[in-house]
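A short worksheet on the structure shown next.
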There are 4 protein chains.
Amino acid sequence: MDAVTPLTAAAPAKRARRKQARPGELLEAALALFVEKGYAATRVEEVAARAGVSKGTLFLYFPSKEELFKAVVRENAGRHVADAMREVAGYTGTSAELLREFIQRWWTQYGGTPAAGLTKLIMSEAANFPDLAQYYQDEVVQPSHALVRRIVQRGIERRELRDVDLNLAAHLIVAPLVQLVTWRFSMAPCCPAGLLPEPLALLAMHADMVVRGLRRE
Amino acid sequence: MDAVTPLTAAAPAKRARRKQARPGELLEAALALFVEKGYAATRVEEVAARAGVSKGTLFLYFPSKEELFKAVVRENAGRHVADAMREVAGYTGTSAELLREFIQRWWTQYGGTPAAGLTKLIMSEAANFPDLAQYYQDEVVQPSHALVRRIVQRGIERRELRDVDLNLAAHLIVAPLVQLVTWRFSMAPCCPAGLLPEPLALLAMHADMVVRGLRRE
Amino acid sequence: MDAVTPLTAAAPAKRARRKQARPGELLEAALALFVEKGYAATRVEEVAARAGVSKGTLFLYFPSKEELFKAVVRENAGRHVADAMREVAGYTGTSAELLREFIQRWWTQYGGTPAAGLTKLIMSEAANFPDLAQYYQDEVVQPSHALVRRIVQRGIERRELRDVDLNLAAHLIVAPLVQLVTWRFSMAPCCPAGLLPEPLALLAMHADMVVRGLRRE
Amino acid sequence: MDAVTPLTAAAPAKRARRKQARPGELLEAALALFVEKGYAATRVEEVAARAGVSKGTLFLYFPSKEELFKAVVRENAGRHVADAMREVAGYTGTSAELLREFIQRWWTQYGGTPAAGLTKLIMSEAANFPDLAQYYQDEVVQPSHALVRRIVQRGIERRELRDVDLNLAAHLIVAPLVQLVTWRFSMAPCCPAGLLPEPLALLAMHADMVVRGLRRE
DNA sequence: TATGAATGAGACTTCATTCAT
DNA sequence: TATGAATGAAGTCTCATTCAT
């Protein structure tokens, strides 16, 4: 700000920096708790505590628990779909490779991140927040399915894949992905080891099964 | 109630019958509401009202909301798995037929019934009721997966199917089934028509994909 | 209910009888406290305690503090005006007697009762509850002023009173009455004895002054 | 702030002037808001905002909301009574003229000014702040009533007025004045036009009524 | 057995007050 | 001196649970 006082310029405002960061910290804490315990069973004081602030501070940034919840959904919904669509559009390899690539990426960019909890959260709370469910439907589900349908259609047009119902195929390709994150945030924490398949191994086999299941013989 | 009025004499019998039925009616009502709104957001008074009794009556049959919830889970968990295991044991047809048969039956006997809401319910509440999650794991998930593994193993032994990882295969076969009911009780009510695939068509294609994906070429 | 069991008929339901009385008891308690401390400074728990019930019970009868407040106003507003209007309509004496009668009655039927606190309450809270202020205006103020204007007009028509502005006269006749109750519920409790004029003496002199001030000389 | 920038050198002076004025601006803002919404319903942040400063600044000048309130009352109470007493002492005209003069002056110097809101404020909050009510009683009510009693007594001694109870007469003379300001700050803002009498016309008629009501016939 | 009025612990939310900047 | 982010006590309201009828 001022070249004459570089010392203070380095620490412009500890408070101000926190203020910038607060909403994000609160949203992160809220996502984790809402996913774990559900909306109703999560107390705002817990969210605040996990974000390292007091109850009152939360309400400086979000006017109510419900608005906090909506912000959590909006913040995390549909951030990765757009990226993925662009990548698919320019892909030049075989459909088998594309499907494997897509499934792998889905895991590294969404399924394996904390943001994936949103999937379980929406599933659990859809009936209590119909407008959010609709929003998620529009912003995440529809674009994702459209993307998968496009991949399959590309394979059909390239005569690599059988001529199947695109909508059904999309559901069957997506289902194990969704199921994987749903499981990760619900039963998995209760069921120690052994029985949980390694996500990447599961996804590799899923890609393999899909390719075999769809390929033109 | 009054010996002078024989017209009402029939009542005690009817009431007795109702009395017998009460717990079942309450469990049914509770399942539906817990599935729809979640445990925390469901009020016991709603459950009682839906079962046609008063709030106080519910507490005559279940000592607390939590015990009601546990009863709901115990009542609905694992009723169908044992039957299915017996049927598989005596099956004589091909693996393709067996897989199709299994998937169809799963839908008609569980996935398409109100009891399937339990799957979504457990997903949503597992973290809040770890012992119930464990119970469900032991009574439903493990037996179901074991059953599916047995089907696949039978196919491998009969040299109809490839030699795949049984555990991964079981997860991939089950995932779309679980996903179907999860969806049915969460997003589906919000997303009118068109986009929802017909369950039986979806399951038929799933069976087809699984057979193609696993068969020995 | 049943002539054969007169003993139980005498005590049909202690609970039920309380339920009947509860809203009235709560309204009475609320009126007293709202008048004394104002709406914002009165805690619902105090109201409940004064009515002899717990916090939760209050909310069985009134959905919110604000609705309780509105019920208090509606319950107490304008109950006496209609009676007074009927009496004035049939009066046959002189205007001096009528004015004295009116003022005396106002005190015995409203100004001296707990319900008079409503006047101070509305004064204090009008800006925070504009719709209630309007309601009070319509149900109490306007009818009361109309009644007083009618009394004065009758006197003018009978050539007992001077031909004055009816609206101004009404305000000047009413002002000391309102002031008396306002004082009674605000300063009076703080200013012990001596300085407080005897209400009936004050009202008698007021009536006298009004008659002298309005009479045709 | 910076000697190198003479342009801003004027600022300290301006700010100093503001600093001097701060308490007054805050008291003015507080009076208006306390009158309008009551003590409890007024937030200190609103007071600060109306005075053009931040919440924290208010607490530099007043240690608490309650002290701010007390300062508001002390600042506005009893400023005009002393002046009026002096004027009455040297008056040489008739009692009728004196009463008219007194009532007119009361309006121009108090009743028509923002400070008159204090009357309504004290009335509303007396029970919550008994010591302030006492203070107001001592500093404003008693002196005012004493002044009015003196005016009436002077008229009696000059054989212009009847020999009435001085205390009652004072209450009846003051009541419409108090009522006028009370109304002005409570119901008036809700009741658009038409029905509100013109203050000066009302006061003129009041003076007229008082003179007629008290004069020796 | 059935009811529903009553309770009170606990949740969300507000706001006077503090304090680092 | 001035700011406004942060705090937490206190208030409103909900709802599981009890119990007199």
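Within every chain, numbering begins at 1; the chains are lettered A, B, ... in the order of the sequence lines, protein sequences first and strands thereafter.
Residues A:Thr42 and A:Phe69 have side chains not in contact (no heavy-atom distance under 4.5 Å, counting atoms from C-beta outward). Residues D:Ser124 and C:Met123 form no side-chain contact, since every pair of their non-hydrogen atoms from C-beta on lies 4.5 Å or further apart. Contact annotation: the side chain of D:Phe129 approaches that of D:Asp131 to within less than 4.5 Å [non-hydrogen atoms, C-beta and beyond].
Closest to the side chain of D:Lys65, out of E:dA16, E:dT13, F:dC13, is E:dA16. Checking F:dA16, E:dC12, E:dT17 against the side-chain heavy atoms of B:Val44 singles out F:dA16 as nearest.
Along DNA chain F, the nucleotide closest to C:Glu45 and the one closest to B:Glu66 are compared, and the more 5′ of them pairs with C:Glu45. Between C:Ala40 and B:Ser64, the residue anchored nearer the 5' end of DNA chain F, judged by the nucleotide with its closest heavy atom, is C:Ala40.
Between C:Tyr136 and C:Ala77, the shortest heavy-atom distance links the atoms CD1-CB, 4.4 Å.
Regarding contacts with the backbone of F:dA2, a side-chain N or O of D:Tyr61 is found under 4.0 angstrom from either OP1 or OP2.
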Query raised in the report: How does DNA chain F read in dot-bracket, base by base from 5' to 3', with Watson-Crick or G-U pairs under 3.5 Å and | used when the partner is on another strand?
Result: .||||||||||||||||||||
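Atom P of nucleotide E:dT1 and atom CZ of B:Phe62 are separated by 14 Å, given to the nearest angstrom. The distance between atom CG of B:Leu26 and atom C1' of E:dA2, rounded to the nearest whole Å, is 12 Å. Note: CZ (D:Phe59) to C1' (E:dC15) measures 9 Å, nearest angstrom. B:Glu46 has its CD atom 8 Å from the P atom of F:dC15, to the nearest Å. Protein atom NZ of B:Lys37 is 14 Å distant from nucleotide atom C1' of F:dT14, rounded to whole Å.
No side-chain donor-acceptor contact under 3.5 Å links A:Glu25 to the backbone of A:Gly52. A donor-acceptor pair under 3.5 Å links the side-chain atoms of A:Lys65 to the main chain of A:Tyr39, judged by distance alone.
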Which protein N or O atoms sit under 3.5 Å from an N or O of nucleotides 7-10 of chain F?
residue : atom : partner : partner atom : Å
F:dT7   : OP2  : A:Ser54 : N            : 2.8
F:dT7   : OP2  : A:Ser54 : OG           : 3.1
F:dT7   : OP2  : A:Thr57 : OG1          : 2.5
F:dT7   : O5'  : A:Ser54 : OG           : 3.3
F:dA10  : N6   : A:Lys55 : NZ           : 3.4

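Salt bridge present: D:Glu66 and D:Lys70 bring a charged side-chain N and a carboxylate O closer than 4.0 Å.
Heavy atoms of other residues, nucleotides or ligands lying less than 6.0 angstrom from CD of A:Glu46 number more than 12. The environment of CD in C:Glu67 is crowded: more than 12 heavy-atom neighbours from other residues, nucleotides or ligands sit within 6.0 Å.
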